[in-house]
Undergrad: 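Structure incoming, see below.
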Amino acid sequence: MPWRRTDDPYRIWVSEVMLQQTQVKKVVDYYERFIERFPDVQHLAVAPLQDVLKVWEGLGYYARARNLHKAAQVIVEELDGKIPVDYTTFRKLPGVGDYSAAAVQSIAFNVPYAAVDGNIKRVLARLFLMEAPINDAKSAKLFQQRADELLDRSAPGFFNQAMMELGATVCRPQSPTCLVCPVNMFCEAFHTARQDEFPYRRETKPVPEHHLAVGVIYRDNAVLLTQRQLDGLLGGLWEFPGGRLAEGETAEAACVRHIADVVNLSVTNVRSLTRVRHAYTHFKIVVDVFQCDYRAGEVVLKGPRDAKWIEIAALQDYPLPRATHKFLEKLIGE
DNA sequence: AAGTCGGGGAT
DNA sequence: ATCCCAGACTT
């Protein structure tokens, strides 16, 4: 991992933010490109948010990028441009929670805080037969206490990384390889052959599926792209206008209706392009994509933060959601 | 304490 | 299909 070969606290911080709820393999390329484009906290602080989102495009949880950007500005403006060597100060920065504060402070500065992430909770649950569900907020304090007790205060960064590495490679969710585990002699689950029962999890709820219709509106050689508000789902990313189907409504009718509602345009020659599916954390979507031609009206936004007519070739300059990328190729092929 | 917020690899 | 990932923030 490239962030293991540096002692630059900025780089270690960036890696820890990217690694939130994201697997190492996925992060590596994004990390390399991010560091190349924003090599230090000053470069990140002065960069336009759109540039940061473009580099983050496809990594998900875009609030991480917005918070990282904002935190960099706070560091430059209020903290002398240096990552604070202090847990409490660093923890106050936007996007820095208990885990990231402990990880960065311990790995970059050798400050003795125990990090607790998903991997470590699983390792602890098995080591001590902890029945607290690892996906329940009520369990957090218990796992933190166990981690605090176990922490090697002479080498906290090394210890935290070793615990996570153990969880990622040996003490895996399914089929842990206990026979080659370096700490199996300490593990209560292994001693009682109950490693497959742990960790406990609280039940998760089924996710609903929504049906959407969006329209690619052509006018001269351009199409209309709208930007989402900065807060909420996919904040700051660009997309084609559309929305959910009403009860009993056809996708085509919903497309025309939402275009009238969201950007105040009337369109004509509506033709179906394709259908894509995508899964978010709390719901799934089926999106019917239409192409259509501008007929009349002036763009007035209800919902989006901004809108622009752009040429198809310029789409690659904008941060777009994965669901949009799923039909972009068909659009360019036209 | 529960809900929101992406995307993809592993199984 | 389902799980779950080097979580943080809002309500």
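Note that the coordinates shown come from a computational prediction; the quantities given were computed from them, not determined experimentally. The chains referred to below are lettered A, B, ... by the order of the sequence lines, with proteins before strands, and numbering in each begins at 1.
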Undergrad: Answer yes when A:Arg219 and A:Asp293 have at least one side-chain N-carboxylate O distance shorter than 4.0 Å, and no when they do not.
TA: no
Undergrad: Applying ring pair (Phe, Tyr, Trp, His ring centres under 6.0 Å) as the test, list every pair that has at least one member in residues 221-240 of chain A; sequence neighbours left out.
TA: A:Trp238-A:Tyr318, A:Phe240-A:Phe327
Undergrad: Atom NZ of A:Lys284 and atom C1' of B:dG8: how far apart are they, to the nearest Å?
TA: 15 Å
Undergrad: Give A:Ser100 one of three labels, base, sugar-phosphate or nothing, depending on what nucleic acid heavy atoms sit under 4.0 Å from its own.
TA: sugar-phosphate
Undergrad: Which residues pass the side chain to side chain donor-acceptor pair (under 3.5 Å) test with A:Asp29, not counting sequence neighbours?
TA: none
Undergrad: Rounded to the nearest angstrom, tell me the gap between atom CD in A:Glu209 and atom C1' in C:dT2.
TA: 15 Å
Undergrad: In this structure, how many angstroms lie between the C1' atom of C:dC4 and the CG atom of A:Leu19, rounded?
TA: 15 Å
Undergrad: Starting at atom NZ of A:Lys138, determine the distance to atom C1' of B:dG3, rounded to an integer number of angstrom.
TA: 14 Å
Undergrad: Base, sugar-phosphate, or nothing for A:Val27, non-hydrogen atoms under 4.0 angstrom?
TA: nothing
Undergrad: Taking the six-membered ring of A:Phe198, is NZ or CZ of A:Arg194 closer than 6.0 Å to its centre and within 45° of its axis?
TA: no
Undergrad: Output the rounded distance in Å from CE (A:Met164) to P (C:dC5).
TA: 13 Å
Undergrad: Output all residues satisfying side chain to side chain donor-acceptor pair (under 3.5 Å) with A:Thr22, sequence neighbours left out; order by chain, then residue number.
TA: A:Arg64
Undergrad: Return the value, rounded to whole Å, for the distance between atom CG of A:Asp231 and atom P of C:dA8.
TA: 20 Å
Undergrad: How far, in whole Å, is C:dT11 from B:dG6 if one measures between their P atoms?
TA: 15 Å
Undergrad: Pick base, sugar-phosphate or nothing for A:Asn160, based on heavy-atom distances below 4.0 Å to the nucleic acid.
TA: nothing
Undergrad: Tell me which pairs pass ring pair (Phe, Tyr, Trp, His ring centres under 6.0 Å) where either residue lies in residues 245-283 of chain A, with sequence neighbours left out.
TA: A:His210-A:Phe283, A:His278-A:Tyr280, A:Tyr280-A:Phe283
Undergrad: May I ask you to say what A:Arg201 touches in the nucleic acid, namely base, sugar-phosphate or nothing, with a heavy-atom cut-off under 4.0 Å?
TA: sugar-phosphate
Undergrad: Taking only side-chain nitrogens and oxygens of A:Arg172, does any of them come within less than 4.0 Å of OP1 or OP2 of C:dC4?
TA: no
Undergrad: Are A:Phe34 and A:Phe38 close enough that their ring centres sit under 6.0 Å apart?
TA: yes
Undergrad: By nearest heavy atom, map A:Gly95 and A:Pro199 onto DNA chain C; which one lands nearer the 5' end?
TA: A:Pro199
Undergrad: Across the strands shown, which category fits A:Lys205 at heavy-atom distances under 4.0 angstrom: base, sugar-phosphate, nothing?
TA: sugar-phosphate
Undergrad: Please state the P separation for the pair B:dC5 and C:dA6 - nearest whole angstrom.
TA: 23 Å
Undergrad: Rounded to the nearest Å, what distance is computed from the CH2 atom of residue A:Trp13 to the C1' atom of nucleotide C:dA8?
TA: 14 Å
Undergrad: Suppose the criterion is salt bridge (Lys or Arg N to Asp or Glu O under 4.0 Å): which pairs have a residue in residues 223-246 of chain A, not counting sequence neighbours?
TA: A:Arg228-A:Glu239
Undergrad: Taking only nitrogen or oxygen atoms into account, show me every contact under 3.5 Å that the protein makes with nucleotides 4-7 of chain B, one pair per line with its distance.
TA:
from, atom 1, to, atom 2, distance (Å)
B:dC5, OP1, A:Leu233, N, 3.4
B:dC5, N3, A:Tyr61, OH, 3.3
B:dG6, OP1, A:Tyr61, N, 3.4
B:dG6, OP1, A:Tyr62, N, 3.0
B:dG6, OP2, A:Leu234, N, 2.3
B:dG6, O4', A:Tyr61, N, 2.9
B:dG6, N7, A:Tyr61, OH, 3.3
B:dG6, N7, A:Thr281, OG1, 2.7
B:dG6, O6, A:Tyr61, OH, 3.1
B:dG6, N1, A:Gln21, O, 2.9
B:dG6, N2, A:Gln21, O, 3.3
B:dG6, N2, A:Thr22, OG1, 2.8
B:dG6, N2, A:Leu59, O, 3.4
B:dG7, OP1, A:Tyr62, OH, 2.7
B:dG7, OP1, A:Arg322, N, 3.2
B:dG7, OP2, A:His278, NE2, 3.0

Undergrad: How close or far is atom P of B:dG8 from atom OH of A:Tyr30, stated in whole angstroms?
TA: 7 Å
Undergrad: Would you please confirm or rule out a distance under 4.0 Å between OP1 or OP2 of C:dG7 and any side-chain N or O of A:Lys121?
TA: no
Undergrad: As a test of reading the structure: which of C:dA6, B:dA10, B:dA2 is closest to the side chain of A:Lys25, going by heavy atoms?
TA: B:dA10
Undergrad: Think A:Arg122 has a side-chain N or O under 4.0 angstrom from the OP1 or OP2 of C:dC4?
TA: no
